2 protein chains.
Amino acid sequence: MAGTTPDISLEACSYSRVLEIVSSKWTALVLYALEGGTIRYGEIQRRIEGISQKMLTQTLKQLERDGLVRRKVVPSVPPIVEYSLTPLGETLIPCMLMLKSWASAHYGAVKAAREEYDRGAY
Amino acid sequence: MAGTTPDISLEACSYSRVLEIVSSKWTALVLYALEGGTIRYGEIQRRIEGISQKMLTQTLKQLERDGLVRRKVVPSVPPIVEYSLTPLGETLIPCMLMLKSWASAHYGAVKAAREEYDRGAY
DNA sequence: CCGGATCCCCATAGATACTG
DNA sequence: CAGTATCTATGGGGATCCGG
């Protein structure tokens, strides 16, 4: 093929890889809940507004599969299941904090840009 | 009061806000292409493997609406359209770089965790 | 050269009900 | 308490053709 060849791909790009891990709808919120330390299933659900059992379970399972979250079952009746960040999961926190501070600093500007843009659209 | 009230919500959480901006499928790749400076539409498309015209246009429009990308039309025949990061867009780059370096350092561990997890699942 | 418009598919997510 | 199971549907994303 002549001319420029692609040098950016979904599979190779590190940006995409992190996002693939972190960007499903509830993931960030669950990580946020886990920042405080070990926490039970029901407690997470109470803390996150509007999350369903299905989505919480699914999100936790993904995070566990990715090695970011540890699941510990205490065999008792009724059962107790505790979740916490793994060391790998902890390494993600600084990144998340940086995103958080970016949003705090600039989300207003983004919102303003949107309103400006939408005004022009009519 | 203790722990019985939700204190994490999609609307309020800064994490979710950034992700809402950055996490659609092609956004990160387009930002990556723009890191190098002003670039034409066709050039972006050639650089990003597998992106369709529709998705590129759509992604660029979103980024423009959010004030992260500037679109400049040079009235000529055939038309030339150039894209570049705005100052606001530039502020996002350090965050992206941090994500990128996290992925470089830890994506291997995530992949290993997945394989480990999937082995256990059978 | 750039992008709008249209049609279609499938993954993600929500609601609800049930179980160890 | 901590999940599973099932059913449904919304919309993101892909392919293709048309237009300025």
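Order of the sequence lines sets the chain letters (A, B, ...), proteins ahead of strands, with each chain counted from 1. Keep in mind that this is a model prediction, so the values were computed, not measured.
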Reckon A:Tyr83 has a side-chain N or O less than 4.0 Å from the OP1 or OP2 of D:dC1? no
Is B:Arg46 paired with B:Glu43 through a side-chain N to carboxylate O contact shorter than 4.0 Å? yes
Here the distance between atom C1' of D:dG3 and atom CD of A:Glu43, to the nearest Å, is 17 Å
Choosing from D:dT16, C:dA13, C:dG3, which nucleotide comes nearest the side chain of B:Lys54? D:dT16
Could you state whether A:Val73 and A:Leu63 fall into the same hydrophobic cluster, counting links through intermediate Ile, Leu, Val, Met, Phe, Trp or Tyr residues with side-chain heavy atoms under 4.5 angstrom apart? yes
B:Asp118/A:Arg65 ion pair, N-O < 4.0 Å: yes
Expected rows: protein N/O vs nucleotides 17-20 of chain D N/O, under 3.5 Å:
none

Please determine whether residues A:Val22 and A:Met98 belong to a single hydrophobic cluster, defined as Ile, Leu, Val, Met, Phe, Trp and Tyr linked transitively by side-chain heavy-atom distances below 4.5 Å. no
Could you tell me how far apart B:Gln58 (CD) and C:dT6 (P) are, to the nearest whole angstrom? 15 Å
Checking side-chain contact (heavy atoms from CB on, under 4.5 Å) for the pair B:Leu56/B:Val30: CA distance, chi angles, key distance, verdict? CA-CA 8 Å; B:Leu56 179 53; B:Val30 170; 4.0 Å; yes
Approximate separation, where rounding is to 0.5 Å, of B:Arg47 CZ and B:Ile39 CD1: 5.0 Å
Just by distance, no angles: are the side chains of A:Ser101 and A:Ser104 close enough, under 3.5 Å, to form a donor-acceptor pair? no
Step by step, work out the side-chain contact (heavy atoms from CB on, under 4.5 Å) result for B:Leu60 and B:Arg71. CA-CA 9 Å; B:Leu60 285 167; B:Arg71 178 173 184 269; over 6 Å; no
Check the distance between D:dG13's C1' and B:Leu29's CG and give it to me in whole angstrom. 14 Å
With a 4.0 Å cutoff (strictly under), does any side-chain N or O of B:Lys61 reach OP1 or OP2 of C:dG4? yes
Rounded to whole Å, how long is the line connecting atom CD1 of A:Ile51 with atom P of C:dT12? 16 Å
State whether A:Arg119 and A:Glu116 are salt-bridged, where the test is any N-O pair (Lys NZ or Arg NE/NH1/NH2 against Asp/Glu carboxylate O) under 4.0 Å. yes
When the distance from CE of A:Met55 to P of C:dT12 is rounded to whole Å, what number comes out? 9 Å
For the pair made of CG in A:Leu60 and C1' in D:dA2, what is the distance, rounded to whole Å? 11 Å
Can you figure out which of C:dG3, D:dC1, D:dG3 approaches the side chain of B:Val81 most closely? C:dG3
So what is the end-to-end bend of the helix from C:dC1-D:dG20 to C:dG20-D:dC1, with 5 pairs used at each end and the value given to 10 degrees? 50°
Does OH in B:Tyr15 sit with more than 12 non-hydrogen atoms of other residues, nucleotides or ligands closer than 6.0 Å? yes
Taking the nucleotide of DNA chain D with the nearest heavy atom to each, does A:Tyr41 or B:Ser52 sit closer to the 5' end? A:Tyr41
Given atom CG of A:Leu56 and atom P of C:dA15, what is their separation to the nearest angstrom? 14 Å
Do A:Tyr107 and A:Tyr117 sit in the same hydrophobic cluster, where Ile, Leu, Val, Met, Phe, Trp and Tyr count as joined when their side-chain heavy atoms come under 4.5 Å apart? no
Can a side chain N or O of A:Arg71 be found less than 4.0 Å away from OP1 or OP2 on D:dG3? yes
To the nearest Å, how far apart are B:Gln45 CD and D:dA15 P? 12 Å
Counting only side-chain N and O atoms of A:Arg40, is one of them less than 4.0 Å from OP1 or OP2 of D:dC1? no
Quick check for you: to the nearest 0.5 Å, what is the distance between A:Glu20 atom CD and A:Ser14 atom OG? 11.5 Å
For DNA chain D, what residues of residues 12-28 of chain A have any heavy atom nearer than 4.0 Å? none
